[in-house]
Amino acid sequence: MPLTQPEWFPDLEAWWLPAVGDTVARHVEPVGIDGSGRLHLQCSSSAWRTQTRLLGAAFTAQVNEVLAPAAQISGILV
């Protein structure tokens, strides 16, 4: 499934950093949005991948809060 990067996507300091904080942002990187509106993430290690999966619903809610009303994601894939 091809990923896109909407116009707001490249400015990570405006939406990703406020949503997840410095520590997570250093280890988890957004790579794009799929056709179903899911945010795809790349993690620095398997431990961060597991942690991100466990916190997926919370991250989705936090990102949506920061992006509102301009955009919404439907979930997170790691």
Pair up each side-chain donor or acceptor in residues 21-32 with any protein partner under 3.5 Å, not counting sequence neighbours, and list the distances.
| from | atom 1 | to | atom 2 | distance (Å) |
| --- | --- | --- | --- | --- |
| His27 | ND1 | Ser44 | OG | 3.1 |
| His27 | ND1 | Trp48 | NE1 | 3.3 |

Could you give the side-chain donor-acceptor pairs of residues 59-71 under 3.5 Å, partners two or more places apart or in another chain?
| from | atom 1 | to | atom 2 | distance (Å) |
| --- | --- | --- | --- | --- |
| Thr60 | OG1 | Gly56 | O | 2.9 |
| Gln62 | NE2 | Ala19 | O | 2.3 |
| Asn64 | OD1 | Ile73 | N | 2.6 |
| Asn64 | ND2 | Thr60 | O | 3.3 |
| Asn64 | ND2 | Ile73 | O | 3.0 |

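Pairs of residues two or more places apart, or lying in two chains, that qualify as salt bridge (charged side-chain N to carboxylate O under 4.0 Å, His left out) and include a residue from residues 30-48 are Asp34-Arg38.
Taking all atoms of both residues into account, the shortest heavy-atom contact from Ser36 to Ser74 is O-OG, 2.7 Å.
Side-chain contact between Ile76 and Leu41: present, with at least one pair of heavy atoms (C-beta onward) separated by less than 4.5 Å.
Residue Leu17 is not grouped with residue Val20 when hydrophobic side chains (ILVMFWY) are merged at heavy-atom distances under 4.5 angstrom, including chains of intermediate members.
Taking CG of Leu77 as the reference point, atom CG of Leu3 lies at 9.0 Å (rounded to 0.5 Å).
Legend: residues meeting side-chain contact (heavy atoms from CB on, under 4.5 Å) with Ser46, ordered by chain and number and at least two apart, are Arg49. By the side-chain contact (heavy atoms from CB on, under 4.5 Å) test, Pro6 pairs with Thr4, Trp8, Phe9, Ile33, sequence neighbours left out.
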